There are 2 protein chains.
Amino acid sequence: MSLNRKELERETRKKLILASALKVFKDLGLERATMDEIAKVAGFGKATLYYYYHSKEEIFNTILLEGWKNMWTSLKEFDVAGKSPRKAFISLLKRIAELVNEDRPLFEFLFFAPKALPAEYREKGEWRVYQNRLYDLLTLMIEAGIKEGQFPQMDTRLVLKAMGGIFHGLVFLGDDRDTITEAEIEEMLGTLLRKDKQAPVAHEK
Amino acid sequence: MSLNRKELERETRKKLILASALKVFKDLGLERATMDEIAKVAGFGKATLYYYYHSKEEIFNTILLEGWKNMWTSLKEFDVAGKSPRKAFISLLKRIAELVNEDRPLFEFLFFAPKALPAEYREKGEWRVYQNRLYDLLTLMIEAGIKEGQFPQMDTRLVLKAMGGIFHGLVFLGDDRDTITEAEIEEMLGTLLRKDKQAPVAHEK
DNA sequence: CAGTTTTTCGAACGTGCGGTCGAAAACTAA
DNA sequence: TTAGTTTTCGACCGCACGTTCGAAAAACTG
């Protein structure tokens, strides 16, 4: 798909609008973000936005879709070949953390915005496809890891929830917006996921 | 503070309004919740709501404040005397999970609604006082636990973030709204928090 | 340059919603 | 019953904000 100059410029402007919208969403919250404000940040008149997107909702959806799609794309190509499930899992999470640290506002939006949506709406978004693929991938890794005794021996679903939670907590929680280093993530996951040398409980008295 | 019948009825009506508002917030999301809808659910005319609360915001704040205050009250009286930091910590989290399971919509609101707020606003709420007390309490427990070698030896802040995350993940994450049992929480925390040199806590029956 | 297409935006429209007002209805006390 | 008080709400107001329109400006083309 090759684009001539004009199409390229149009794409650039569309991207600019998305970036501005993201900034406004982030600063004001979804609720208070207005098209006027987005336009102002982008340096356009409000009406011009509608030359590029049908509606505010389309802008919102596009950010989510592109975001999740890109995340998925960049992760699925991530090389885990030859790694143990455990190593693969940890390095994948580290990779995600890297991505997050590269564009924190975007990823906060990707992770949190959906929760602010009405439930019925949350189901429909195209972006869900990519989110689900990511979750499925993680689930597979965890299942493999449990089977090989590299993760705590418990219900996959529980492990996934907990891992998701830990990750979420590490990367996003806290008022301080200090970024967590890769080393810290490594340490945390490494410690918490320490593999069972034997079946838990069994040998101890 | 004794109330006569009228004052009591007034209190009851105020509570009814809060409960209705919570329901609407939950169903429609903060954004789409309207005073008209809240009034309808409560069985009042919209104007009547303003006889009990100054504004929509006051209703919102009251729910958060009462919620966090009650949570704190019910937790601070929770008996941890004589327990090791580790046991105290785990039983406190279990207690919180119990509370959550008793009134899921309320606690989802307490935990998630603040994130949907504009940052500058988030700082101001009175409810923050109680949230902070809870976090401080947890931090103290974790610090003590680390010192006594009952938790992984790492930065307190990291452990708190991770624990918060795990808890968050366990209790809230996932589309399925199935409640997590106490036993599962016990298992998860017990396994992940396993002390360095020793076996996981024995599961009580 | 004129003629055509693409891009921009000021101004206006419609409406949804928070909040108000005044008066009716319901309740109380005598 | 009446006079006073509390509670309720229909109707209205103002405005913020998403969206549209028409036409001006800018960018191309030959």
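Reckoned from all heavy atoms, side chains included, excluding hydrogens, waters and symmetry mates. Here the structure is a predicted model, which means the values were calculated and not measured. Proteins get letters first, then strands, A, B, ... in listed order; numbering begins at 1 in each.
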> Check the pair Glu7(B), Arg10(B) against side chain to side chain contact (heavy atoms under 4.5 Å, CB included), reporting the backbone distance first and the verdict last.
CA-CA 5 Å; Glu7(B) 289 166 320; Arg10(B) 185 178 171 86; 5.5 Å; no
> Only one of Leu137(B), Ile96(B), Leu92(B) passes side chain to side chain contact (heavy atoms under 4.5 Å, CB included) with Phe78(B); say which it is.
Leu92(B)
> Starting at atom CD1 of Ile17(A), determine the distance to atom C1' of dG18(D), rounded to an integer number of angstrom.
15 Å
> Write down the distance between CG (Asp36(A)) and P (dG18(D)), rounded to a whole number of angstrom.
7 Å
> Report yes or no: is the cationic atom of Lys26(B) (NZ for Lys, CZ for Arg) under 6.0 Å from the centre of the six-membered ring of Phe109(B), at an angle within 45° of the ring normal?
no
> Could you state the NZ-C1' distance from Lys56(B) to dA16(D), rounded to the nearest angstrom?
13 Å
> Does the pair Thr34(B) and Val24(B) meet the rule for a side chain to side chain contact (heavy atoms under 4.5 Å, CB included), with working shown?
CA-CA 8 Å; Thr34(B) 70; Val24(B) 176; over 6 Å; no
> For residues Met154(B) and Ile146(B), report the shortest heavy-atom separation together with the two atoms involved.
O-CD1, 3.2 Å
> Which atoms of nucleotides 13-15 of chain D (N or O only) lie under 3.5 Å from a protein N or O atom, and what are those distances?
none

> For a quick check, with a 4.0 angstrom heavy-atom cut-off, what is the B/S/- contact string for nucleotides 4-9 of chain C, read 5' to 3'?
--SBBB
> Knowing that exactly one of Val100(A), Asn70(A), Ile63(A) qualifies, which makes a side chain to side chain contact (heavy atoms under 4.5 Å, CB included) with Leu106(A)?
Ile63(A)
> Quick test of your reading of the model: are Glu98(B) and Lys94(B) salt-bridged, counting only N-O distances below 4.0 Å?
no
> Could you tell me how far apart Tyr50(A) (OH) and dT20(D) (C1') are, to the nearest whole angstrom?
9 Å
> Calculate the interatomic distance between Asn4(A) atom CG and dC28(D) atom C1'; express it in whole Å.
13 Å
> Please determine if Glu143(A) and Lys147(A) form a salt bridge, counting it only when a charged side-chain N lies under 4.0 Å from a carboxylate O.
no
> Rounded to whole angstrom units, what separation is found between the CD atom of Glu7(B) and the P atom of dT6(D)?
11 Å
> Which atom names give the shortest non-hydrogen contact between Leu134(A) and Trp68(A), and what distance separates them?
CD2-CZ3, 4.1 Å
> Send over the distance from Tyr53(B) OH to dG18(C) P, rounded to a whole Å.
17 Å
> Rounded to the nearest angstrom, tell me the gap between atom CG in Leu49(B) and atom C1' in dG10(D).
14 Å
